[in-house]
Colleague: 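Before anything else, here's the structure in question.
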Amino acid sequence: MRHALRRSLAIGSILSVLSLPGLAFAGSSGDYTAAQAAKGKTLYDANCASCHMADLSGGSGPALAGKKFASYLQFSKISASQLLSFISSQMPATDPGGLKQDQYNAILAYMLKYNKYPAGSQKLTTETAKSVKMLPYPG
């Protein structure tokens with residue numbers, strides 16, 4: 001009985017820590033919608049795949065999925081907001097900043113989906129990207 005009570009208290013302590021604001025884990029709340037990611041795939045195929053490949057493995061542009069992308073995230077600690085800002089101003093290489101912001105948001109949503117971050121009910125925006133947790137990498 002005493003062992004069960006201690007275990008119950010320990011589990012309760014862990015759960016209370018995990019529910020503290022600001023301690024979200026990668027993709028814990030769903031950071032984009034499935035529809036937004038579907039739109040993002042179309043945009044990615046048209047604007048990004050020629051450099052980053054259809055499977056996001058990288059070509060003349062860096063990998064945007066898989067082990068290389070995970071390694072880059074771990075090394076750089078880049079946030080989703082920083083990544084969105086970069087692609088919005090620097091991509092595509094042939095027309096930097098040439099897409100609309102909602103198109104860049106959709107492309108990042110597709111990248112998140114491809115990398116196994118969970119979808120949710122709220123669209124990814126410049127503002128919501130600030131709360132997207134890229135690490136730990138779920139892919």
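All heavy atoms count here, side chains included; hydrogens, waters and symmetry mates do not.
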Colleague: Find the distance between CZ (F69) and OH (Y137) and round it off to the nearest 0.5 Å.
Modeller: 6.5 Å
Colleague: Does any non-hydrogen side-chain atom of Y117 lie less than 4.5 Å from one of M111?
Modeller: no
Colleague: Could you walk me through whether L56 and Y110 satisfy the side chain to side chain contact (heavy atoms under 4.5 Å, CB included) test, starting with their C-alpha distance in whole Å, then the side-chain angles of each, then the deciding distance to 0.1 Å, before giving a yes or no?
Modeller: CA-CA 10 Å; L56 286 74; Y110 171 64; 3.7 Å; yes
Colleague: Please report the shortest heavy-atom distance between P96 and S89, naming the atom on each side.
Modeller: CB-O, 3.6 Å
Colleague: So, for S60 and S50, which heavy atoms are closest and what is the spacing to 0.1 Å?
Modeller: OG-O, 4.5 Å
Colleague: Checking side chain to side chain contact (heavy atoms under 4.5 Å, CB included) for the pair M91/N47: CA distance, chi angles, key distance, verdict?
Modeller: CA-CA 8 Å; M91 295 292 128; N47 296 284; over 6 Å; no
Colleague: When you check the side-chain N and O atoms of S79 and Q82, is any donor under 3.5 Å from an acceptor?
Modeller: yes
Colleague: Do the side chains of L99 and I107 get nearer than 4.5 Å, heavy atoms only?
Modeller: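 The answer is yes; the side chains approach within 4.5 Å.
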Colleague: Could you measure the distance from the CD1 atom of I78 to the CZ atom of F86? Nearest 0.5 Å is fine.
Modeller: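 Answer rounded to 0.5 Å: 8.0 Å.
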Colleague: Quick one: pull up CG in L73 and NZ in K68 and give me the separation to the nearest 0.5 Å.
Modeller: 14.5 Å
Colleague: Which heavy-atom pair separates A37 from A109 by the least distance, and what is that distance?
Modeller: CB-O, 3.8 Å
Colleague: Would you give the length of the straight line joining atom SG of C48 to atom CG of L64, rounded to the nearest 0.5 angstrom?
Modeller: 7.5 Å
Colleague: Could you report the tightest heavy-atom contact between P138 and N115, atom names first, then the distance?
Modeller: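 Shortest heavy-atom contact: CG-O, 3.5 Å.
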Colleague: For residues P92 and Y104, report the shortest heavy-atom separation together with the two atoms involved.
Modeller: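 Answer, listing the atom of P92 first, then Y104: CD-OH, 3.8 Å.
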Colleague: So do the side chains of T128 and D31 get within less than 4.5 Å of each other, counting heavy atoms only?
Modeller: no
Colleague: Are Y44 and Y72 linked, directly or through intermediate hydrophobic residues, by side-chain heavy-atom contacts shorter than 4.5 Å (ILVMFWY only)?
Modeller: yes
Colleague: Any ion pair linking D102 and K123 (charged N to carboxylate O, less than 4.0 Å)?
Modeller: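 No, K123 and D102 are not salt-bridged.
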Colleague: Roughly how far, to the nearest 0.5 Å, is NE2 of H52 from OG of S57?
Modeller: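 Rounded to the nearest 0.5 Å, the OG-NE2 separation comes to 11.0 Å.
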Colleague: On a heavy-atom basis, which atom in M134 and which in L112 lie closest, and how many Å separate them?
Modeller: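 Heavy-atom minimum between the residues: SD-CD2, 3.9 Å.
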Colleague: Any chance you could measure L124, atom CG, to K113, atom NZ, to the nearest 0.5 Å?
Modeller: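 The CG atom of L124 sits 14.5 Å away from the NZ atom of K113.
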Colleague: Will you find, in the side chains of S85 and S88, an N or O donor that is under 3.5 Å from an N or O acceptor?
Modeller: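 S85 vs S88: no donor-acceptor pair found between side chains.
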Colleague: Is atom NZ of K100 surrounded by more than 12 heavy atoms (other residues, nucleotides or ligands) closer than 6.0 Å?
Modeller: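 No, NZ of K100 has 12 or fewer neighbouring heavy atoms, counting only those of other groups under 6.0 Å.
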Colleague: For the pair Y114 and K41, evaluate side chain to side chain contact (heavy atoms under 4.5 Å, CB included) and give the outcome as yes or no after the intermediate values.
Modeller: CA-CA 9 Å; Y114 194 94; K41 180 184 182 342; over 6 Å; no
